[in-house]
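Everything below concerns the one structure shown next.
Computed from a predicted structure; not experimentally measured. Chain identifiers are assigned alphabetically (A, B, ...) following the order of the sequence lines, protein sequences preceding nucleic acid strands; residue numbering begins at 1 within each chain.
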Protein chains: 2
Amino acid sequence: MELDQLDRDIIAALVDDARQTYADIGHQVGLSASAVKRRVDRLRETGAITGFSARVSPQALGWTTEAYVELFCQGKTKPSDIALAVTRFPEVVAAATITGEADALLHIRATDVRHVERVIERIAAMAFVVRTKSSIVLSRLVDTPPGAAVPEARNTSATPS
Amino acid sequence: MELDQLDRDIIAALVDDARQTYADIGHQVGLSASAVKRRVDRLRETGAITGFSARVSPQALGWTTEAYVELFCQGKTKPSDIALAVTRFPEVVAAATITGEADALLHIRATDVRHVERVIERIAAMAFVVRTKSSIVLSRLVDTPPGAAVPEARNTSATPS
DNA sequence: ACTGAAAGCCGAGCCTG
DNA sequence: CAGGCTCGGCTTTCAGT
């Protein structure tokens, strides 16, 4: 699946504001509305664009506290086991297996510090968990909606302007 | 700013699909289209909804590799210094100051492992950085678009079903 | 504060260059 | 593969309850 510069510009425009009209996007990228629509349709077909979502302010919804938790598991634990277990916690908004000492890293959103504590407590109680190591987020410095930047522009890679 | 259950249902619907018609949302939550629109307008005014964005598949755009990097900084380093510095890297999609040994945690998206290495190299070269500790993501287990769950439903908190 | 109707405008499909 | 056109339908607004 090849993406040219036009596709990337369209994606960037839609990440910025998914409710723009096709005509507006066309103006930005230099295409007509129908041409933009056909490209957007294709981008959705191919899976480059997976959907459209409202951006919400977590703190406005009451999620004022977040934490990162490293998970140390028993040797025989499968990644799918971890996935299955943590999916059940709505507070776990992200999770990944990682290299290094820990087996997995969880990203947790909660209403307050006490809430974080309760969640970690219950996660640590799971059978395959040996121990956890958690860090409370003091202040969020960056939170980029993914897709804002495009990797193919190699000059920007690892080269702060 | 108070959010009642209707507002939360509307937000959940818009997070799921930001391009639904107001009539559809109204059907789901039991309101007319115009009532839904006015509530959405208010939610945008108050900042609960910050915008609408296309969901893109990072790997479809070429971001196939991600990593988490712990930053250990000099004692006099201000969070704003870190923020300013890492914002310049498009690869840093998230950053936060945290409790614990490290001063900050960065979330990096790159095209491949080599790219990750280059970025970390340049981050480590910054004046205030004493050392870094990085973990490559092996597989992503969970990636929840934020706002899908609502904290006020206290029964679900820390209580996997 | 929600409902319902009227007017403007966008989106989807087809057809042409 | 991009552009232009048309109609159905959604968004928006306003009056009404």
Looking at residues at least two apart in the chain, or sitting in another chain, which of them share a salt bridge (charged side-chain N to carboxylate O under 4.0 Å, His left out) with [X]?
{"X": "Glu45(A)", "result": "none"}
{"X": "Glu117(A)", "result": "Arg114(A)"}
{"X": "Arg131(A)", "result": "none"}

Which pairs would a plain distance check flag for residues 67-77 of chain B, meaning a side-chain donor or acceptor within less than 3.5 Å of a matching protein atom at least two apart in sequence or in another chain?
| residue | atom | partner | partner atom | Å |
| --- | --- | --- | --- | --- |
| Tyr68(B) | OH | Arg140(B) | NH2 | 2.9 |
| Gln74(B) | NE2 | Ala127(B) | O | 3.1 |
| Thr77(B) | OG1 | Gln74(B) | N | 3.4 |
| Thr77(B) | OG1 | Gln74(B) | O | 2.8 |

Quick one: name the residues clustered hydrophobically with Leu138(A), using the 4.5 Å side-chain heavy-atom rule over I, L, V, M, F, W, Y, and just say none if it's on its own.
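None, because no other hydrophobic side chain comes under 4.5 Å of this residue.
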Applying side chain to side chain donor-acceptor pair (under 3.5 Å), can you list everything that pairs with [X], at least two apart in sequence or on another chain?
{"X": "Arg44(A)", "result": "none"}
{"X": "Asp24(B)", "result": "Thr21(B)"}
{"X": "Gln28(B)", "result": "Gln20(B)"}

Per-pair distances, 0.1 Å, donor-acceptor, side chain in residues 29-39 of chain B, under 3.5 Å, sequence neighbours excluded:
| residue | atom | partner | partner atom | Å |
| --- | --- | --- | --- | --- |
| Ser32(B) | OG | Ala35(B) | N | 3.4 |
| Lys37(B) | NZ | Asp41(B) | OD1 | 3.3 |
| Lys37(B) | NZ | Asp41(B) | OD2 | 2.5 |
| Arg39(B) | NE | Asp7(B) | OD1 | 3.1 |
| Arg39(B) | NH2 | Asp4(B) | OD1 | 2.9 |
| Arg39(B) | NH2 | Asp4(B) | OD2 | 2.4 |

Which is the 5'-most and which the 3'-most nucleotide of DNA chain C that has an atom under 4.0 Å from a heavy atom of chain B?
dC2(C) to dG4(C)
For Leu14(B) and Phe52(B), what are the C-alpha separation, side-chain angles and deciding distance, and is it a side-chain contact (heavy atoms from CB on, under 4.5 Å)?
CA-CA 9 Å; Leu14(B) 283 174; Phe52(B) 300 96; 4.2 Å; yes
Kindly say if Arg19(B) contacts the phosphate of dC10(D), meaning a side-chain N or O under 4.0 Å from OP1 or OP2.
no
Could you identify which residues of residues 24-37 of chain B place a heavy atom less than 4.0 Å from some atom of DNA chain D, listed by residue number, or say none?
Ser34(B), Lys37(B)
Length of the line joining Arg39(B):CZ and dT12(D):P, which is rounded to integer Å
17 Å
Classify the nucleic acid contact of Arg42(B) as base, sugar-phosphate or nothing, counting any heavy atom under 4.0 Å across all strands shown.
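Nothing, no nucleic acid heavy atom in range.
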Specify the angle, to 10°, made by the local axes at the two ends of the helix from dA1(C)-dT17(D) to dG17(C)-dC1(D) when five pairs are taken at each end.
20°
